[in-house]
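Every chain is numbered from 1, with letters handed out A, B, ... down the list of sequences.
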Amino acid sequence: MDTFKTKAILLCLVFISLFSIIFSSSVSSQSENIETPSFSSFDEVFNQYLISIENYNQAYEEYILKRAQYLRFKTLRSQQDAQVATTEMLQRRDDVVISYLLALRARLGEAIAVSEARKEGLTIRIDEEVSWYLTHKEKLTSARVLDDLVSDSNEAKERLTQSEGLFYEILSTIAQGKIVRFTERTDEIFLAVKNKVEEIRADAREGYSFSPGKFNTLDRWLFEAQNLVVRSKTRQTEADDLISELVVRQGNLLGDYNQILATLGESQLYLKETSTFLEEVIREIKTAEE
Amino acid sequence: MQEAESEQSKKTTRVFRPFKNIGGLSGWFRALTGRSRLAQKSDQTQSSGQEVAGQVSEDSVTQDIRKLSDFLKRTSGRYLPSRERAVGETSGPLVYKDRNLSKKLIKILLFFLFLLVLVFVGVRFFQLVNEEGGTTENAKDTKTSPTPPAVYRPYKPSIYADDPEVLRLEKDINVIERELGRTSVREDSLLPPRLDFDIKF
């Protein structure tokens, strides 16, 4: 009886400790995270991004006006107005970057054929950037003179130069995921068609098999389809290398992104040709010999 | 008695004659065509000529017709070839002489040109018809060989036409082909925003 009680107590303690460990880890992870949903609906986040752009445009127009007035009159009042307008504009600008990063995060959450590890890695980097811009935004209110605001703006400019690589990397990863999924499906269909042709070839019943000439035609088309799939995968590998270079490169990243898209587009075309050949194989199987 | 007889004869011999004053039916016709009685009766004797001249009375219709013919003669005289007699001839048929020889020559040339074009088109058409008939002699001379006509092969289903696996594969291929054609890898709505980072005072 005593041993039974002891065992029961030990078992309860084990369960409680396990439960506490699990619960504490989830609590701590929540406290470290920024107050953002993990993968919100993309449409909602994208709408927020569009609203932030609109707010920024309004603040920017006000900034331009106040700046022009200050540069013209150089009064204390105009300087104060310019400072307020500039602060407002810089804050709205940071909001735009933050909402854009969150939109990318949401879109990445919905991306297909992207591994969870890669998603996680990119999400962590997005969170870092968001954290920085939030801190920068809070810092803007402490600026006393216009020069402080100018230096704060230049900080953000430098940070954006580093962040830009992340933007295009995420966009390229999303595009690559689409092609990877198409490749997987094409591979499945190709294998199924090939197996069907082998099944027909092995069928010894009269009227269920085809002539050697017809099988030659089918084999030739399957061979062509296979070559096209290989070419498509080669293009995907090239695109993958270009995406890896995006992280370290600086400068005309838009041009690099366009090049990645062009390479992925070629891969997509090869897959389309593959499906055309497979379609011909099926048509040939469905058509009787003369 | 004699007076009564004359009156009776007048009564009995009274006949309706509408064209009496203009020389009867023939006189009426002549009046319509514009030919006076005096001009018509050239072979009549002079004794009756005065009577004819006295009897001719042109009505308004004849006058109108004559005026019209005069007008037409005056206006058409400019365009119609003039009628001239050949030199030395006093009688015989009138010979037409063209006013504008060059216009006539141009017309003749254009007519021959049109004939040539027609002949050329006809010959070419004839040649084409002969070529389609199957002669290959001309085909050897051309640089490119003609495309053979496509032979129509009616669809004859094989034993696998209704195979469920084959149909499923066909459907999957059609779906992926359509998706590959429609899907774009670009995300234009998510390109980085354009912001002004050049702040100066």
Chemist: So, do A/K272 and B/I176 sit near enough that their side-chain heavy atoms are less than 4.5 Å apart?
Modeler: no
Chemist: Of the backbone (N, CA, C, O) and the side chain (C-beta and beyond), which part of A/I174 lies under 4.5 Å from a heavy atom of chain B, both, or neither?
Modeler: side chain
Chemist: Is B/E165 in contact with chain A via its backbone, its side chain, both, or neither, using a 4.5 Å heavy-atom distance?
Modeler: side chain
Chemist: Where on B/L191 is there a heavy atom nearer than 4.5 Å to chain A: the side chain, the backbone, both, or neither?
Modeler: both
Chemist: What's the spacing between A/R93 CZ and B/D196 CG if we round to 0.5 Å?
Modeler: 7.5 Å
Chemist: Let me know if A/L271 has heavy atoms under 4.5 Å from chain B in its side chain, its backbone, both or neither.
Modeler: both
Chemist: Could you measure the distance from the CD atom of B/E177 to the OG1 atom of A/T274? Nearest 0.5 Å is fine.
Modeler: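 Reported to 0.5 Å precision, the distance equals 10.5 Å.
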Chemist: Which atoms of B/L195 are under 4.5 Å from chain A, going by heavy atoms: the side chain, the backbone, both sets, or neither?
Modeler: both
Chemist: Check each atom of A/I179 against the heavy atoms of chain B and say whether the ones under 4.5 Å are side chain, backbone, both or neither.
Modeler: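 Answer is side chain: those atoms of A/I179 sit under 4.5 Å from chain B.
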Chemist: Output the distance between atom OG1 (A/T276) and atom CD1 (B/I173), rounded to the nearest 0.5 Å.
Modeler: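 Interatomic distance, A/T276 OG1 to B/I173 CD1, rounded to 0.5 Å: 10.0 Å.
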Chemist: What part of A/Q176 is in contact with chain B, defined as an atom under 4.5 angstrom from a non-hydrogen atom: side chain, backbone, both or neither?
Modeler: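 Neither part; nothing is under 4.5 Å.
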Chemist: Does the side chain of A/L171 reach to within under 4.5 Å of the side chain of B/L190, using non-hydrogen atoms?
Modeler: yes
Chemist: How many angstroms lie between NZ in A/K178 and CD in B/E179, if you round to the nearest 0.5 Å?
Modeler: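 Spacing of NZ (A/K178) from CD (B/E179) equals 12.0 Å.
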Chemist: Atom CD in A/Q268, atom OG in B/S184: separation rounded to 0.5 Å?
Modeler: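 Result: 7.5 Å between the selected atoms.
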